[in-house]
Amino acid sequence: MLDQKLIRENPTFVENNLSLRGKVYDITSLHKLTLERKEIDMEISSLQSESKKLSKIIGQEIRNSNNPNNQELDVLKEKGNKFRTKISIFEEKKRILDKKLQDEISKLPNFPSKEAPIGQNENNNIQIKEWGNPLNKDNLKTHWEIGENLNLFDSIKSTKIAKSRFITLTGNGAKLERALINFMLDIHSNNGYLELMPPALVSSESLQGSGQLPKFSNESFKCTNDDLWLSPTAEVPLTAFHKNEIIDSKALPLKYVAYSPCFRREAGSYGRDTKGLIRLHQFNKVELYWFCDPNKSLEAHKAITSDAESILKKLNLPYRLVDICTGDLGFSSSRTFDLEVWLPSSKCYREISSCSNCLDFQARRSSIRTKIDKKTSYIHTLNGSGLAIGRTMAAILENGQQTDGSVKIPDALVPYFGSSLIKTN
RNA sequence: GGAGAGGUGGCCGAGUGGUUUAAGGCGCAGCACUGGAAAUGCUGUAUAGGGGCAACUUUAUCGAGGGUUCGAAUCCCUCUCUCUCCGCCA
């Protein structure tokens, strides 16, 4: 969430920054609301101040006089009554105004970083580096063909259970998924991250806190009888983990790694990636998350990205690092580095991790602060997938495929999977 | 699902209508004492908004929202969360 004071005092600055995202933001009416709100606030404050003084006088009178029902008191009480009436009129106005303000402000995305490449959409993203040797041969199988041949998952049967875009992992597929989760959790928790396993259901307030609500209610599954949603990413429960806290600055940065299932409606993606493990309503993910000193989030962003990268390197999967342009940035992010893994069957890179610096955007929405030199300030939050499990499996299957139809398991994963090869039975 | 008890500052905890301007403690910071430290003593220490160059000042906030009252942490209503017992249950 953006700072209301900043909107009030410097609307042009806010508009200019937001418009870096590639579309025009006009906050004139919002700006007016903030001014109105301040005016009403001042009015209420001065009325309250006078009413308070009057109440004190009445209290003293009652204590000092032996007749608590005299007429002078009635006159004073009547005066107090008038204050109350006036104040309640203004408070009603303030309530309505506050709600409007809150609604409007929480729909505004974060400012893009000055460092982020300016651009309209994903075509303007900038490749920073490539790692590994992308397998570039013809007649390679897709991961869903490989999966079918080796009986690693079954999407047809999954429509019986739920509907399309769900998968049931079977045999070695299920085992490989489990191996990947454990592998990633071990690497990260040995690297200074505290492992968490959060609830998969989250409240509306939590989704609001990390930025998925109010704008993107269409992208998550909602429970009908409770104010709970299926979490679209562990970023949501992890942000909410420290909601309404003032964290000791000596404890920063707090680094968490969490495995969680993720649920997304994928509204508007009909027809895209309908096969395989790339785009599912439910997928597993190991997420990295930092709560950090607001002065140190730039270095932290590099660190969290390289921690995510380390997994791809250990699995020996070719990837590239992409700097997301302003027009393609997520709602809460000011700067995002995507890691894209090489999928040889389609001869392209696909996103497997998104590492974002949200600055104080989520911290302000969730009220997470720290004290620096006796001053209270919002902390910065960063998140990054480390990594998306399903897409990692897809990459392993495609990059590790052998001419005889078997799949070679990356060396680092063998101790977890228990075998160096997946063969047909 | 039924019955009951609760939610007070960074933490613990007192507080049943008017010097509560939220006691006391812990923690933290500064100072004193010390060769240095511990212990001790003194002082300070919530958050958000407004005004002011500043010292400072003012308003709100005791789970959330309404209400009663001149005045509410305290009384009433609604919601919410936590805990205990019973029931059900992996």
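Throughout, a chain's letter reflects where its sequence line sits, starting with A, and its residues are numbered from 1.
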Whole-Å gap separating [atom2] ([N]) and [atom1] ([X]):
X	N	atom1	atom2	value
Asp98(A)	A64(B)	CG	P	15 Å
Met1(A)	A48(B)	CE	P	13 Å
Gln102(A)	A48(B)	CD	P	16 Å
Lys94(A)	A48(B)	NZ	P	16 Å
Glu205(A)	G63(B)	CD	P	16 Å
Lys53(A)	U19(B)	NZ	P	18 Å
Asn244(A)	U61(B)	CG	C1'	13 Å
Glu39(A)	U59(B)	CD	P	20 Å

Note: [X]-[Y] ion pair, threshold 4.0 Å (strictly below):
X	Y	answer
Glu266(A)	Arg279(A)	yes
Lys86(A)	Glu43(A)	no
Glu299(A)	Lys296(A)	no
Lys23(A)	Asp26(A)	no
Arg165(A)	Asp273(A)	no
Arg21(A)	Asp328(A)	no

Under 3.5 Å for both donor-acceptor distances, Watson-Crick or wobble: does [N] have a partner, and if so which one?
N	answer
A5(B)	U82(B)
U21(B)	none
C89(B)	none
G35(B)	none
U74(B)	none
U45(B)	G27(B)
U16(B)	none
U68(B)	none

Closest-nucleotide ordering on RNA chain B, the 5'-leading residue of Glu50(A) and Arg369(A):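 Counting from the 5' end, the first nearest nucleotide belongs to Arg369(A).
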Residue met sooner reading RNA chain B from 5', once Ser377(A) and Ser45(A) are mapped to nucleotides: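 Closer to the 5' end of RNA chain B: Ser377(A).
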Rounded [atom1] spacing from [N] to [M] in Å:
N	M	atom1	value
G27(B)	A64(B)	C1'	29 Å
G7(B)	U45(B)	P	27 Å
U8(B)	G51(B)	C1'	30 Å
A90(B)	C83(B)	C1'	23 Å
U69(B)	C11(B)	C1'	35 Å
G9(B)	U20(B)	C1'	14 Å
C77(B)	G1(B)	C1'	24 Å
C33(B)	U47(B)	P	31 Å

Between [X] and [Y], does any side-chain donor sit less than 3.5 Å from a side-chain acceptor?
X	Y	result
Tyr416(A)	Asp186(A)	yes
Lys285(A)	Ser260(A)	no
Thr239(A)	Tyr289(A)	yes
Glu235(A)	Ser210(A)	no

Do any N or O atoms of the protein come closer than 3.5 Å to N or O atoms of nucleotides 50-53 of chain B, and which pairs are they?
{"unit_1": "G50(B)", "atom_1": "OP1", "unit_2": "Arg8(A)", "atom_2": "NH1", "d": "3.3"}
{"unit_1": "G50(B)", "atom_1": "OP1", "unit_2": "Arg8(A)", "atom_2": "NH2", "d": "2.3"}
{"unit_1": "G51(B)", "atom_1": "OP1", "unit_2": "Lys38(A)", "atom_2": "NZ", "d": "2.5"}

Given U58(B), is OP1 or OP2 found less than 4.0 Å from the side-chain N or O atoms of Ser49(A)?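 So the side-chain polar atoms of Ser49(A) never come under 4.0 Å of the phosphate oxygens OP1 or OP2 of U58(B).
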Is the phosphate of G18(B), meaning OP1 or OP2, less than 4.0 Å from a side-chain N or O of Lys52(A)?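 No, no such contact exists.
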Those residues that, when tested against Asp98(A), pass side-chain hydrogen bond (donor to acceptor under 3.5 Å, both in side chains) (two or more places apart):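 Counting only residues at least two positions away or on another chain, Asp98(A) forms a side-chain hydrogen bond (donor to acceptor under 3.5 Å, both in side chains) with Arg37(A).
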Mind checking if Thr376(A) touches a base, just sugar-phosphate, or nothing, with heavy atoms under 4.0 Å?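 The residue Thr376(A) makes sugar-phosphate contact but no base contact.
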Mutual orientation of the aromatic rings belonging to Tyr256(A) and Phe291(A) [parallel < 30°, tilted 30-60°, perpendicular > 60°]: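 Because their plane-to-plane angle is over 60°, the rings of Tyr256(A) and Phe291(A) count as perpendicular.
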Scan nucleotides 65-73 of chain B nucleotide by nucleotide, 5' to 3', and note B when protein non-hydrogen atoms come under 4.0 Å of the base, S if they reach only the sugar-phosphate, - if neither. -S-SBBS--
